[in-house]
Structures are given as structure tokens and as C-alpha cells.
Amino acid sequence: MNLNLINGIGVKYIELLNKLNINCIEDLLTYYPYRYNIYRLGNLIDDGSVINVKAVVESIPRVGYIRRNLNKLDFRCLIDEKLVNVIIFNRAFLKDKITVSREIVVVGKYDSKRNSLIANDILFDKINGTKVEAVYHLVNGLTNKQINNFMRRALGYSSYVNDDIPSYLVDKYNFMDKSNALKNIHIPSSFELLKQAKLRLIYEEFFMFLFKINYLKYKYERNSEGIKRDVDFEKVREFISKLGFELTRDQVSAVNDVYNDLTSGKRMNRLILGDVGSGKTIVSIIGLFINYLSGMQGAMMAPTEILACQHYEQVNKLFSVYGIKVGLLVGSLKKREKAKVIEQLKNGELDVVVGTHALLNEEVVFANLGLVITDEQHRFGVNQRGNLQNKGHLCDVLYMSATPIPRTYALTIYGDMDTTMIKTKPSGRKEIITLVKKEKELREVLSKCLECIKDGHQIYVVAPLIEGDEESELNDVYLLKEKFEMAFQNKVSVGILHGKMKNKEKDQIMEDYKEGKIKILISTTVIEVGIDVKNSTMMIIFNAERFGLATLHQLRGRVGRNDLQSYCYLICNKDIERLKVMESSNDGFYISEKDFEMRGQGDLFGVRQSGDMAFKIGDIRRDYRIMMQAKEDVVKFIEMNVNDNFDKYKIYQNIVKFMSFVD
Ligand code: ADP
Ligand code: MG
């Protein structure tokens, strides 16, 4: 339903809401508050605390202008049978609403000596006892009051929002109906009803998610026929022997899994889970090689252009010796170049393509696609699983993820796939030495930097922001560039990289860094995943307290990619205890457990609102038991309907719209 159905909303506000990813009424209604303001009506007391009192206006407010940007409203009210002076700053615009004998609620602090109440806020709604007000994440130009107003009006449409829980489960748990739940989550009529609303919405969110996962699994199990390849393992062994390094034990067993899947005649649907730097890419490239030997095309998809290009180079280098034709397809290519790759995929001239989401484009058609690889799977959503393999017939699928995620969660979230773990790191790697430093110890860190550069190595620096404002206490990319240039008296080349730069600029910077023209690269977390420049031996992360441990671990994984000793400095002023975990461990899975204990899911992937785990209201840690119950119910629900009786359920109809299944 279109947002413009909401009374009085206007283009300007629609645009602001779009910025929050709210594009229709359903989005708005499921834009949940992250906390609530609670107003409990009390009495006129002077104990330094903020009170909420019922007041009847007794005089027309006087407006006073104290100086620019500071005005004041001044009026008398009857509160607790007493006449009190009420003062509120910077709300001159409320003047006309404060009319004599109107009943209002004043929120503020009472000073009995002066008999005055300095208000922070004035509420015009009737309150009996307690009022709970939802608080939302905002963007510039939009106030919490406005969102609340839009929400109130949007709630008129709440009965049109899909209710995705099968009705027998609604009955079983005595769940509140959807429309009522939405009302109570935004405008709670009591704490009890708020609790019930929350429970229901969380359960529904998990149920939907788990239904998708388990439905995919069920589809695979029912229809697992795949391509049977006849490939001599000797040839694979030969390819491996020319890599220039020995595969680790876990890489060898991962290669075996992939080989067995590809030659089994059953469709492969496998996830390779392995810490950053554990060497997943090469396993997938061997997969592409096996697939090539069977005469089929392969595709590899990565979440960013930088990564796609990096993979492309690696694949091309290894494959060109065999005369295997590899293409690159990313958004920033010229139209003509794109058209050429697309044409060559269609007529079978290309054997392998590496690219980004651009591969999902409808125009991309393959002559005979046999294997699809998705790197950093967690960056793509469940709904996207299947999008690429549908371009082939009975296509095999291999996912890779460096998401260090506790095992129980992995089983739930990736429950539709077979999984292979790579735990061992390539040999010869030294553990990265990690040190937590306060900002005032920066001098020490800088002298380490200088040593590192004198040794001919390179450094990554990460800042939490691109450009801060004057008041911000955080380091930003531009500020750090100045700092570093000054510290090294402009004798060391410093480059910057961030998400607001044009792709072309980004590529150029990355290129310069790879070639060693840039010694210090300062960036935001945009390039946290997968970047591989072996000469980098130092990583410095500023305001490390702003990041989850899982993110820090991913960032740190950009160094230590050779046999040199690498260092990671975490610069911070607080939260040192938590960050110390990083000093003591290099094991992503251990770190993720710790992160989980300390922060909850919020930062599990570093990338909050993307991919598999972007829950709007559920929190997989806090609501673990609800998730497990939903999982049990989903499994039963699917079992009950194995003969494809799903059609009668709304959840099924609604879901099919969003997912592309393998058929
Ligand atoms: P990730 O698992 O994080 O995707 P990569 O596949 O990017 O890791 O591998 C990290 C680096 O280690 C790459 O430069 C890769 O060439 C190298 N590498 C992979 N396997 C081995 C190995 N067995 N021995 C030595 N180096 C390896
Ligand atoms: Mg990788």
C-alpha cells in the first residue's frame, strides 16, 4: 500500500521515510520502535527528579525572546490545586495550542521555592495513569512525534497487513491478532498487551524466516537430482599440485566434499564455513575447475566489486594456463563491455564468469551453467538463495561464508545446506599480535608504523566515520589522513577509501595500494571482507569500541596473509575489557561466542541491516527460546503438509512472491 494513502504525508516526508527504507505502509507498520518513553502521572514534588503532572492552563502564555535561537514560553497552570508558573524553552510554536482551561501534561522539574516548573515537554493527549510513547530511529528532518503521527494514521490500515502465522498456531499459543499486535507495538495500551504484541511479532518473524529455510531444505530433499559429472580426480590433483602451496588438511577434505558432491548425481547445496584467511576461495576455484572439466560453465558471485575483481584476477591467473576463458561482470563496466560478456555467456564462449549482483540481472543467460558459487553468503539474503542457480538446469551450488557464528545458530540459519568447516589456517602463518591501546599511547603506535614502512610493508587504518562534524569525538577518515600525513611529514603516501567514493576512484586507490604506491590506506569498514594484499602487516583500528568483536576480527583478517609477523592495534578510550578478548584469541568462532555473550546479535555480522540476519524485531540471542520453538513448529508444519498442501496457507502464498525456488 502506497505511503501517500496516509493523510497529510506529502512528498517531502515520503522521501525522508524512504531514507529509512520505508517504502510502503507495510514497511512503516513494521518499522518497530527501539524503546519506549514512559510517562507516569505523578504529583507535584520537588526532589530534583523529572515529574509528569496533569495541569490545567490558567493564563495565555507570554512569549519571550532571550537571544537568537532561544525563546521562552511562560504561563500559569493549576496543578494539584496549586497555581504554578510553567516555563518551557524553545517551544514558542506551541503558543496557540496552550489555551486557557485546556488540560495538558507537563513533563519537567519542579522548584518549590520559586513555585516554578521548568518543562522539557508538554503533552496534549489525555493520559490516565501512564502513557507509553514509542521511540524510533530517525533521520535528519524527521522527528519522533512525526513518525508517531504517521504511524497512528497508518495503523488504520493494519488489518491489511499479512498475518503469516498459520491459524492453528495462533490458536495454540493464543496469540493476539496481527492488527492488534501492530497497534500495541506502536501505541501500547498497557504493558501486558505490549508484551503479548512483541511476543507474537517476534515469533512470526522467526517463523517466516525458518519457514523459508526449511522449505528450501524440503524442496532440495524431495528433488535432489543433480548433474552427474565424470571427472578424473587425477586431473584435479594435478591442478592442485601447481598451486605453489600445499592445501591444509581442512582444505583437502573440503575439496573432497566438493568433488564428491559434483560427481554424485545429487545436487550440491553446500556451505563452506571458515574463518577469514582460512583459504576458502581456492577450494571454490577447484570446484570451478572440476565443473569446467565436465564441460559446463561456472559462475562466482561476490558482494562487492572490489572482491569480485580480486577473485577474477586470481581465477584468471590460475585458469588461463589451461585455456579456460574467464569473464568479469560488474555494475561499473561500460555498457558495451557488459553486453559482450553477456553475449559470450549465452553462446558458451566463456567458461567461467566472476561478478557481483550484476550476474542476477535477467539479461544474463548461460549456455549451460553447472555450478554457482556465492562468496560471503551472509551478505545476501535468504530470498536471494536460488536466484543465480535458476539460470542453469539442476545447477550445483556452493556458498562460502567467513561469518564466525556460534554453532547452534549456524545450524538454524544455514539449516538448509550441507556444511563444511575449514578450521585450520594455512601453515607458516603467524598469529596476528593484537594490542589494545589508549589514544594517548598513539605515539608508540606511530613509531611501530614507521618501522613497518621502513621494512617495506603496508598498513591499513580503519575509522568509524567518513567525515565527522566539529562536535564529534570520533576519528574520521579525512581527519586521520591529516594526522598521518603530519606524523610522517608527508614523506609517506597515504590514501583513503570509503563508500561514498565513485567506483572508479575506489578501484584506482585499491590498485595503487596493491602495487605499493600507497603505503597507508585509511578507510571505513567498506572493505572489511575478503581483501587480500599480502604485503600488509599492520592494521590500526580507531575508536575500536564502536565495533563488535566479530567485525574487528573480520577487519584484522586483512593482515597476516603471509609468513611475516603482523600486528593489529585497537585504539580506544573505553570498553577495554571487551576489546581485550581480541588480544587473547585469533579464533573467530570463539570471538563470536564472546561477542554474542556481551552484545547480542546486534553486530554479529558487522553488517547490520543486510543479508540473512536482518531481523526487525527478533533478536536471536535474547529470543533464543522463541526461535527454537518456532523452528520446531516450522518443521512440524512442513511435515504435516508434505504432499504439497501448502497452498491453503497464507504464509505460503505470501512467501512464494518473494522467493525464487529451485524447482
Ligand atoms: P578466505 O577464507 O578468507 O576467503 P582466502 O581464500 O582469501 O581466504 O585466502 C587467503 C590467502 O591465503 C590467499 O592469499 C590465498 O592465496 C592463501 N592461501 C590459501 N590457501 C593456502 C594454503 N594452503 N597455503 C598457503 N596459502 C594459502
Ligand atoms: Mg574470502
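Everything numeric in this text was worked out from a predicted model, so none of it was measured.
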### Query
Judged by atom type as modelled, is there a donor-acceptor pair below 3.5 Å linking the side chain of N535 to the main-chain atoms of G456?
yes
### Message
Using a strict threshold of under 4.0 Å (side-chain N to carboxylate O), is an ion pair present between R91 and D121?
### Response
yes
### Under 3.5 Å donor-acceptor, K280 side chain and M400 backbone
no
### Message
Under a 3.5 Å distance rule, please check whether E583 uses its side chain to pair with a backbone N or O of V436 as donor and acceptor.
### Response
yes
### Message
Does E246 have more than 12 heavy atoms from other residues, nucleotides or ligands lying within 6.0 Å of its CD?
### Response
no
### Query
Between Y34 and H137, how do the two ring planes meet: parallel, tilted or perpendicular, split at 30° and 60°?
parallel
### Task
Flag the pair S523 / Y460 as yes when at least one side-chain heavy-atom distance between them is below 4.5 Å, and no otherwise.
no
### Message
Under the criterion side chain to side chain contact (heavy atoms under 4.5 Å, CB included), I'd like the reasoning laid out for M538 against V559: C-alpha separation, chi angles, the key distance, then a yes or no.
### Response
CA-CA 6 Å; M538 191 177 286; V559 297; 5.6 Å; no
### Exceeds 12 heavy-atom contacts within 6.0 angstrom, atom CZ of R35
yes
### Message
Has K519 got a side-chain atom pairing as donor or acceptor with H457's backbone, closer than 3.5 angstrom?
### Response
no
#### Entry: From CZ (F488) to CG (L446), nearest 0.5 Å
5.0 Å
#### Entry: Polar contact flag, side-chain donor to acceptor under 3.5 angstrom, K483-N475
yes
### Task
Grab the two heavy atoms, one from S566 and one from G560, that are nearest each other, plus how far apart they are.
OG-N, 3.1 Å
### Task
Check the pair I540, C449 against side chain to side chain contact (heavy atoms under 4.5 Å, CB included), reporting the backbone distance first and the verdict last.
CA-CA 9 Å; I540 307 173; C449 281; 3.3 Å; yes
#### Entry: N23 vs L3 side-chain heavy atoms within contact, under 4.5 Å
no
### Task
Heavy atoms only: give me the nearest L359-V364 pair and the separation to one decimal.
O-CB, 3.6 Å
### Query
Would a distance-only check, ignoring hydrogens and angles, find a side-chain to backbone donor-acceptor pair under 3.5 Å from Y13 to I147?
no
### Task
Going by the side chain to side chain contact (heavy atoms under 4.5 Å, CB included) test, name the single residue among M301, H311, E313 that passes it with V354.
H311
### Query
At what distance, to the nearest 0.5 angstrom, does CD of E511 lie from NZ of K517?
8.0 Å
### Query
Looking at A254 and V283, what are the two nearest heavy atoms and their distance?
CB-CG1, 3.9 Å
### Message
How close do T356 and A308 get, counting heavy atoms only, and between which atoms?
### Response
CG2-CB, 3.9 Å
### Query
Among T434, D275, D587, whose side-chain hydrogen bond (donor to acceptor under 3.5 Å, both in side chains) with H553 holds?
D275
### Query
If you look at every heavy atom in K145 and I122, which pair is closest and at what distance?
NZ-O, 4.5 Å
### Query
Checking D375 side chain against M300 main chain: does a donor-acceptor pair fall under 3.5 Å?
no
### CD (E441) with more than 12 external heavy atoms under 6.0 Å
yes
### Residues K340, E337: salt bridge by 4.0 Å N-O rule
no
#### Entry: Stepwise side chain to side chain contact (heavy atoms under 4.5 Å, CB included) test for I496 and I509
CA-CA 7 Å; I496 56 175; I509 295 278; 5.6 Å; no
### Message
If you define the side chain from C-beta out and look only at heavy atoms, does anything of L497 sit under 4.5 Å from Y513?
### Response
no
### Message
Keeping E205 on the side-chain end and K616 on the backbone end, is there a donor-acceptor pair under 3.5 Å?
### Response
yes
### Query
NZ/K481 to CG/D476 distance, rounded to the nearest 0.5 angstrom?
12.5 Å
### Message
Given the ring of Y567, does K448 sit roughly above its face, with NZ or CZ under 6.0 Å from the centre of the six-membered ring and within 45° of the axis?
### Response
yes
### Message
Within this structure, what is the CD1-CD distance for the pair I433 and E431, rounded to the nearest 0.5 Å?
### Response
9.5 Å
### Task
Show your reasoning for whether side chain to side chain contact (heavy atoms under 4.5 Å, CB included) applies to Y136 and H186.
CA-CA 10 Å; Y136 301 90; H186 295 294; 2.7 Å; yes
### Query
With a cut-off of 6.0 Å (strictly less than), are more than 12 heavy atoms of other residues, nucleotides or ligands near NZ of K437?
yes
### Message
Between L318 and L243, is there a side-chain heavy-atom distance shorter than 4.5 Å?
### Response
yes
### Message
Against V533, only a single residue in M510, E515, R561 fulfils side chain to side chain contact (heavy atoms under 4.5 Å, CB included); can you say which?
### Response
M510
### Task
For N71 and N90, indicate whether the former's side chain and the latter's backbone hold a donor-acceptor pair under 3.5 Å.
yes
### Student check: side-chain heavy atoms of I6 and L28 closer than 4.5 Å
yes
### Task
Give, for atom NZ of K580 and atom CG of L549, the distance between the pair rounded to the nearest 0.5 Å.
13.5 Å
### Query
Do the non-hydrogen side-chain atoms of I66 and F89 ever get within less than 4.5 Å of each other?
yes
#### Entry: Close side-chain approach of R556 to N586, heavy-atom, < 4.5 Å
yes
### Any residue meeting salt bridge (charged side-chain N to carboxylate O under 4.0 Å, His left out) with K534, in chain and number order, not counting sequence neighbours
D532
### Message
Nearest 0.5 Å, please: how far is CG in N316 from CG in L328?
### Response
9.5 Å
### Task
Please examine the side chains of I9 and F150, heavy atoms only from C-beta on, and report whether any two atoms are closer than 4.5 Å.
yes
### Message
Ignoring hydrogens, what is the shortest heavy-atom contact between S278 and P426? Give both atom names and the distance.
### Response
O-CD, 3.9 Å
### Task
Would you check if the side chain of S585 reaches a backbone N or O of M582 as a donor-acceptor pair within less than 3.5 Å?
no
### Task
Report yes or no: do S332 and E305 form a side-chain donor-acceptor pair below 3.5 Å?
yes
#### Entry: N/O donor-acceptor pair under 3.5 Å between Q251 side chain and I422 backbone
no
### Query
Can you list the residues that meet the salt bridge (charged side-chain N to carboxylate O under 4.0 Å, His left out) rule with K338, with sequence neighbours excluded?
none
